[in-house]
J.: 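Dropping the structure in here first, questions after.
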Amino acid sequence: MNTWIAIGATALGCYVVKLAGLLVPAGVLERPLVRRLAALLPVALLAALTAQQTFADGHTLVLDARAAGLAAAAVALVLRAPFLLVVAAAVVVTAGVRALGG
């Protein structure tokens, strides 16, 4: 039963957030600061998610094959590689490090 309460609360929370976004006056959304924050917020959230998924294991910090894959992706991005090549480099390096027992 607790699961259904959590699902209902989450659905209600999502609706309230959506409604709050629709009630914001258009003049507020046109401000330069709001536009800059709206452009940078997805990047910050994605970076935080990537860091959490790469360096966390439960409640501990880890440095394993995922970090090597992230480093390979960063190098590929610095070299301006196409997106699919960046992903492929991360996958190959992560799999290689895990295969070697790292």
Side-chain angles (χ1 to χ4, degrees):
M1 185 64 176
N2 288 337
T3 303
W4 286 109
I5 293 172
I7 291 171
T10 302
L12 182 64
C14 289
Y15 180 76
V16 168
V17 168
K18 176 90 171 176
L19 184 63
L22 292 174
L23 294 176
V24 174
V28 174
L29 299 176
E30 296 299 323
R31 294 182 182 161
L33 177 63
V34 174
R35 284 179 169 251
R36 272 185 287 165
L37 288 176
L40 295 175
L41 189 62
V43 175
L45 290 174
L46 185 58
L49 178 63
T50 301
Q52 193 274 332
Q53 290 292 315
T54 302
F55 300 113
D57 187 22
H59 295 290
T60 60
L61 291 175
V62 295
L63 193 62
D64 58 3
R66 296 175 292 181
L70 183 63
V75 169
L77 282 172
V78 168
L79 296 175
R80 299 192 182 270
F83 180 72
L84 288 178
L85 190 59
V86 171
V87 173
V91 168
V92 168
V93 170
T94 302
V97 171
R98 283 192 178 170
L100 294 173

J.: When clusters are formed from ILVMFWY side-chain contacts under 4.5 Å, directly or step by step, what else is grouped with L37?
T.: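 So far as hydrophobic clustering goes, L37 is joined with L33.
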J.: For E30, give me all partners under side-chain hydrogen bond (donor to acceptor under 3.5 Å, both in side chains), at least two apart in sequence or on another chain.
T.: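 Expected list: R35.
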J.: Tell me, please, which residues at least two apart from L85 pass side chain to side chain contact (heavy atoms under 4.5 Å, CB included).
T.: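 L85 satisfies side chain to side chain contact (heavy atoms under 4.5 Å, CB included) with A81, P82 only.
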J.: Residues two or more places apart in sequence or in another chain: which of them pass side chain to side chain contact (heavy atoms under 4.5 Å, CB included) with A72?
T.: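 Testing A72 for side chain to side chain contact (heavy atoms under 4.5 Å, CB included), a comparison that skips the adjacent residues, returns V93.
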J.: Between A38 and P42, which heavy-atom pair has the shortest distance, and what is it?
T.: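 Heavy-atom minimum between the residues: O-CD, 3.2 Å.
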J.: If you compare all heavy atoms of T50 against all heavy atoms of T54, which two are closest, and at what distance to 0.1 Å?
T.: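 Closest approach of T50 to T54, heavy atoms only: O-OG1, 2.7 Å.
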J.: Please list all pairs meeting side chain to side chain donor-acceptor pair (under 3.5 Å) that have one or both residues in residues 37-48, counting only residues at least two apart or in different chains.
T.: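 Matches after skipping sequence neighbours: none remain.
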J.: What residue pairs, at least two apart or across chains, pass salt bridge (charged side-chain N to carboxylate O under 4.0 Å, His left out) with a residue in residues 65-79?
T.: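 For residues 65-79, and leaving out neighbouring residues, the salt bridge (charged side-chain N to carboxylate O under 4.0 Å, His left out) pairs sorted by first residue read D64-R66.
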J.: What are the two closest non-hydrogen atoms of A67 and L63, and how far apart are they?
T.: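 So the two residues come closest at CB-CD1, 3.5 Å.
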J.: Mind checking side chain to side chain contact (heavy atoms under 4.5 Å, CB included) for T10 and listing every partner two or more places apart, or none if nothing turns up?
T.: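 Expected list: C14.
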J.: If hydrophobic residues (ILVMFWY) are linked whenever their side-chain heavy atoms come closer than 4.5 Å, directly or via other members, who joins V86 in its cluster?
T.: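 Cluster partners of V86: L77.
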J.: Hey, what else clusters with L41 if you join Ile, Leu, Val, Met, Phe, Trp, Tyr whenever side-chain heavy atoms sit under 4.5 Å?
T.: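 Same cluster as L41: L45.
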J.: Taking transitive links into account, so neighbours of neighbours count too, which hydrophobic residues share a cluster with V62 at under 4.5 Å side-chain distance?
T.: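 Hydrophobic cluster check, V62: no partners found.
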J.: Side chain to side chain contact (heavy atoms under 4.5 Å, CB included) with V75: which residues, sequence neighbours excluded?
T.: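 For V75 the side chain to side chain contact (heavy atoms under 4.5 Å, CB included) partners, ignoring immediate neighbours, are L79.
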